[in-house]
Structures are given as structure tokens and as C-alpha cells.
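Scope of the values below: all heavy atoms of this structure, side chains included, with no hydrogens, waters or symmetry mates. Chain A is the first sequence line, chain B the second, and so forth, proteins listed ahead of strands; every chain is numbered from 1.
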Amino acid sequence: ESRPVVKPGKGEHPLQFNYCFWFSRRTPGKQTSSSSYDQNLKNIGTFASVEQFFANYSHIARPGDLSGHSDYHLFKEGVRPMWEDDANKNGGKWIVRLKKGLASRCWENLVFAMIGEQFMVGEEICGAVISIRYQEDILSLWNRTAHDQQTTSRIRDTLKRILNLPPNTIMEYKKHSESLSDNSSF
Amino acid sequence: GTRIVYERHFLMQCRNSPLAK
């Protein structure tokens, strides 16, 4: 890798981890496979500080303003937003289905909590995805170790608190190994 | 070690900083 290492600038507030924003959009009519998914992923920026985060975040469209079948991914630098990545292969994700109109606010709450280290689960968080779909939008938060129930419960509780969603909102945990075997994808 | 934690309200303040543009 010859890419320059991203570092906080002078006077900026460093983050615990560097992160990358990714964007993907499903091409209508194309077969979904792991390789086409990978090809559709576009890295749209890496940041190491709060200020660099806003320089990226403020210049990309809010998820609620996107149309069609689009996803934003925010992952720690070095982790590709794919099940097969070493950081993800034993992991899973919390899935929250959102009524239309909530995506931008919920995504912002989640992203702020993630870069601000609000989850308090060590190195467990891998990244987050907001998936814009026709009927509803889907927020997911990925962690490294799907079988660690103490960690996944803690993530769920923090997620509930920071999203501030109605108490009847359904949250579902899914291991990536299950997603691989049933070939489900949003 | 120590973790770098930022609360939401602090991030909102940084959003308006000239460095963040």
C-alpha cells in the first residue's frame, strides 16, 4: 500500500481510530455476488480527526436525500465493509429497520457515537452501514465477535440509547456467517 | 490505555470550527 497515512492536522482533535467512508449503489439488473459488491464499493474519504470527519461528512449527501438502492458505510481504516474481511468473518451486526424519513438523523447519531467511542466495547466495533431502500431504510452496526453475548448486548443497549427510537423498534442480531450461508443481503 | 471519547455536543461544536471546512 502506497497511500499516505492519514494523520490529524495541527490543532485538530484526534480520534481513537482512523475511519473510511464508503459508498455503494446497486446497478439495476446486475447479479449480486461478492465480487460485484466489492467492485461497487467506492472509498470516499479517510479521516483521523474530528475536523477531518466533518470536512468529509459535510460534503456528502445526507442518506435520506439519496435515491434508489444506495449504501453508506463507515468502517475503521483497514477493514473493508465485507463479511469476508478478517475483522468481520467471525462477527455479526445489529440491524435496525427504520421508517422512511428517519435515516439521516439516525445515521448521524450512530456515526457520532462511533467516532466518539461511546460504545465502550474495546476494539469490537468494525463499522456501520445505512442502507437506503424503497420501503424502509436499514441501519446496521457491525462488530468483530458474534458469539460474545456480553459485548453484543452492550452494543444493543448503547445503540438504543443513542438512536432514541420508539421502544417498540425491532432490533435483530445476525451473524455474518448466517448471512453468508443464506445469501441474504439488503 | 486511555480512550479518546467525544460526546455528541462536543462534536456539534467542532462542526462549526473553521478547521472542519
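Residues A:V129 and A:W83 share a hydrophobic cluster, clusters being chains of Ile/Leu/Val/Met/Phe/Trp/Tyr side chains in contact below 4.5 Å. Following chains of ILVMFWY side-chain contacts shorter than 4.5 Å, one can reach A:Y57 starting from B:I4, so the two form part of one hydrophobic cluster. Both A:L74 and A:F112 are members of a single hydrophobic cluster when ILVMFWY side chains are connected at heavy-atom separations under 4.5 Å. Clustering ILVMFWY residues whenever any of their side-chain heavy atoms sit less than 4.5 angstrom apart, transitively, puts A:F17 in a cluster other than the one holding A:V79. Criterion: ILVMFWY side-chain heavy atoms under 4.5 Å apart, direct or through other members. Under it, A:W142 and A:F119 are not part of a common hydrophobic cluster.
To the nearest 0.5 Å, atoms NE2 (A:H13) and OH (B:Y6) are separated by 6.0 Å.
For A:F53, no part lies under 4.5 angstrom from a heavy atom of chain B. Proximity to chain B (any heavy atom under 4.5 Å) is shown, for A:N109, by both the backbone and the side chain.
Annotation: maximal heavy-atom pairing with chain B below 4.5 Å, among A:P14, A:G11, A:A55, occurs at A:P14.
At a heavy-atom cut-off of under 4.5 Å, chain B is reached by no residue from residues 155-170 of chain A.
Salt bridge A:E108/B:R15: present, at least one basic N to carboxylate O contact under 4.0 Å.
Side-chain atoms of B:R3 come within 3.5 Å of backbone atoms of A:G122 as a donor-acceptor pair (strictly under, hydrogens ignored). The backbone N or O of A:G116 sits nowhere less than 3.5 Å from a side-chain atom of B:E7 that would complete a donor-acceptor pair.
A pairwise comparison of heavy atoms in B:V5 and A:Q118 identifies CG1-NE2, 3.4 Å as the closest pair.
The neighbour count for A:K175 NZ, taken as heavy atoms of other residues, nucleotides or ligands under 6.0 Å away, does not exceed 12. For A:K99, the NZ atom counts as loosely surrounded, since its 6.0 Å shell holds 12 or fewer non-hydrogen atoms of other residues, nucleotides or ligands. Sparse packing is recorded around CE of A:M120, with 12 or fewer heavy atoms of other residues, nucleotides or ligands lying under 6.0 Å away.
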